[in-house]
Each structure stands twice: as C-alpha cells, then as structure tokens.
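Counting convention: from 1, in listed order, for ligands and their atoms alike. All values derive from a computational prediction rather than experimental measurement.
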Amino acid sequence: HRNEVESLSEPEIGGREPEDVEVAAGETYWWCRCGRSQTQPFCDGSHKVTDFTPLEWTAKRAGPRNFCTCKRTKTPPFCDNSHLKL
Ligand code: FES
C-alpha cells in the first residue's frame, strides 16, 4: 500500500490537554510521538504499526512537568499550547 506510511506520518491526537507528571531526577521517560499510546503522555509500544518512535527524555531535576499529549507541540515533550489550536 503506497500511501500507508504517508497517511501514518501525521500523529494521532493523543489527548486534548497536556498531562502534568511528577518526574524523578535522573529518570528517563519515553514520550509518545505517535499519539496512539493508551498511557499518555508516554509510550506503550503502540507506535509499532506506524513510522514513529518515542522520544527519550531524561529529567535533570525532580518536579512537575507539563507533557504534550496532542503531539502537535513544537517543544517536545512539553506542551506549547498547540492543543488550543486543534
Ligand atoms: Fe506512541 Fe510509542 S506508543 S510513540
């Protein structure tokens, strides 16, 4: 199917609002890029049927972070309010 990869190159909308997550210092997180994960904002392996791979991000400091779930952010893995334009 010629158009399969093309049609999958646009991520799904994983959520309509960002997700506040308390991260741990030194911990690595895998942010879902494809939008298909059921455990937003993080990867659950659902990207396997797409051409997406998760984004690896390691927390330097502990504390709350505002992760993008709509997958339209220009500052991944964090929210840049792109969901307001969906
Ligand atoms: Fe979306 Fe892995 S499930 S990137």
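In this structure, the protein non-hydrogen atom closest to atom 4 (S) of ligand 1 is Arg33 N, 3.3 Å. With hydrogens left out, the protein atom closest to atom 2 (Fe) of ligand 1 is His47 ND1, 2.2 Å, a heavy atom.
Every atom of ligand 1 is numbered from 1 in the order shown, and the set under 4.0 Å from a heavy atom of Asp44 is 3 (S). Less than 4.0 angstrom separates some heavy atom of Cys43 from each of these atoms of ligand 1: 2 (Fe), 3 (S).
For Thr50, no heavy-atom contact with ligand 1 is shorter than 4.0 Å.
Judged by distance alone, with hydrogens and angles left aside, the side-chain atoms of Asn66 form no donor-acceptor pair with the main-chain N or O of Cys79 at under 3.5 Å. Side-chain atoms of Lys71 come within 3.5 Å of backbone N or O of Cys32 as a donor-acceptor pair.
With atom 1 (Fe) of ligand 1 as the vertex, SG (Cys32) and SG (Cys34) define an angle of 100°, rounded to 10°.
Residues Ser37 and Ser46 bring no donor and acceptor atom of their side chains to less than 3.5 Å of each other.
In this structure, Trp31 CH2 and Arg65 CZ are separated by 15.5 Å, a value rounded to the nearest 0.5 Å.
Scanning all heavy atoms of the two residues, the minimum distance from Arg33 to Thr53 falls at NH1-O, 2.9 Å.
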